[in-house]
Amino acid sequence: MVFWVFGYGSLVWNPGFEYDEKVIGYIKDYRRVFDLACIDHRGTPEHPARTCTLEQKEGAICWGAAYRVEGDPERERLAMEYLERRECEYDEKTLVDFYKEEDSLQPALTGVIVFTSTPDKESNKYYLGPAPLEEMARQIATANGPCGNNRDYLFLLEKALSQIGHEEDMVIELANEVRKVLDEGIPKERKSVLEIEGIPKERKLVGPPHIPHNKSHMPTLQLHPLPEAIAMDSS
């Protein structure tokens with residue numbers, strides 16, 4: 001028994017489950033967006049956080065990490081149950097092709113599971129939709145939940161993408177805007193302390209990736225999450 005799951009948010013730096021292999025790569029025709037509400041990890045129902053989901057866009061690519069889980073049916077079941085609890089705010093599981101950097105035309109893996117969300121506010125109560133950069137930054141700068149604050153989720157994703165060698169302009173731009181919001185609201189005597197505590201400094205944009213494109217569509221599976229969520233980040 002074996003399955004692969006693709007992480008594009010906190011799963012990149014904190015998978016939280018037992019796996020047999022981690023591979024860095026990307027999927028095509030999807031881009032990362034901060035359009036999903038999080039009310040039990042980095043936010044609350046009254047003040048939801050903004051976390052990652054995927055938006056279909058032809059020609060786009062999204063870098064992240066694929067994890068292999070292999071073993072007996074019980075081990076696979078436990079890993080999937082954990083993921084479904086953690087990703088409870090995502091209402092779909094989609095099967096995608098996964099590519100490595102050295103071979104952008106031929107997928108390294110097919111049928112990789114990725115947790116996604118329906119971009120419809122009526123059918124998906126967690127979908128926030130897009131918003132102006134400044135509005136998203138204010139929301140991310142101020143949201144807090146059981147797992148910590150929303151801004152750290154964003155900063156950790158920015159750092160994780162840098163560590164795998166694939167920084168993303170959208171993430172950097174949003175993180176820089178959050179830093180600006182924090183900077184405006186922090187007294188001067190606190191700024192040096194916060195820098196010591198780990199709030200990163202502004203980063204430069206990196207420009208668009210150049211990856212040959214070979215469009216491929218995979219089916220979507222309906223996700224039936226377990227009723228209780230656990231206090232972990234998602235995707």
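As a basis for the values below, the full set of heavy atoms in this structure was taken, side chains included, without hydrogen atoms, waters or symmetry mates. Since this is a predicted model, take the numbers as computed values, not measurements.
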Original post:
Could you give the distance from CH2 (Trp4) to CD1 (Ile113), rounded to the nearest 0.5 Å?
Top reply: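 Here the interatomic distance stands at 12.0 Å.
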**OP:** Calculate, to the nearest 0.5 Å, the distance between atoms CD and OG1 belonging to Gln56 and Thr94 respectively.
**Re:**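 So the CD of Gln56 and the OG1 of Thr94 are separated by 7.5 Å.
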Original post:
Would you say the side chain of Thr53 lies within less than 4.5 Å of the side chain of Tyr126, judging by non-hydrogen atoms?
Top reply: no
Subject >> Heavy-atom check, side chain of Phe155 versus side chain of Glu158, under 4.5 Å >> reply: yes
Subject >> Single-linkage hydrophobic cluster, 4.5 Å side-chain cutoff, Tyr67 and Leu78 together >> reply: no
**OP:** Begin from the C-alpha positions of Lys93 and Glu84 and carry the test salt bridge (charged side-chain N to carboxylate O under 4.0 Å, His left out) through to its verdict.
**Re:** CA-CA 10 Å; Lys93 283 186 291 188; Glu84 288 181 344; 3.0 Å; yes
Original post:
Should Arg50 and Asp35 count as an ion pair when the cut-off is N to O under 4.0 Å?
Top reply: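 Judged by the 4.0 Å cut-off on N to carboxylate O distance, Arg50 and Asp35 do form a salt bridge.
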Subject >> Working for ring pair (Phe, Tyr, Trp, His ring centres under 6.0 Å), residues Tyr30 and Tyr8 >> reply: CA-CA 11 Å; Tyr30 287 96; Tyr8 54 91; 8.9 Å; no
Original post:
Do the side chain of Tyr90 and the main chain of Leu36 share a donor and acceptor less than 3.5 angstrom apart?
Top reply: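 Flag not set: sc Tyr90 to bb Leu36 has no pair under 3.5 Å.
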**OP:** Spell out, as yes or no, whether a donor-acceptor pair under 3.5 Å connects the side chain of Lys121 to the backbone of Leu128.
**Re:** yes
**OP:** Before giving the answer on side-chain hydrogen bond (donor to acceptor under 3.5 Å, both in side chains), spell out for Ser123 and Thr118 the whole-Å C-alpha distance, their side-chain angles and the decisive distance to 0.1 Å.
**Re:** CA-CA 8 Å; Ser123 63; Thr118 306; 5.0 Å; no
**OP:** With Ser117 as reference, evaluate Leu54, Asp91, Thr51 under the side chain to side chain contact (heavy atoms under 4.5 Å, CB included) test and give the passing residue.
**Re:**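 Looking at Leu54, Asp91, Thr51, the match for Ser117 under the side chain to side chain contact (heavy atoms under 4.5 Å, CB included) is Asp91.
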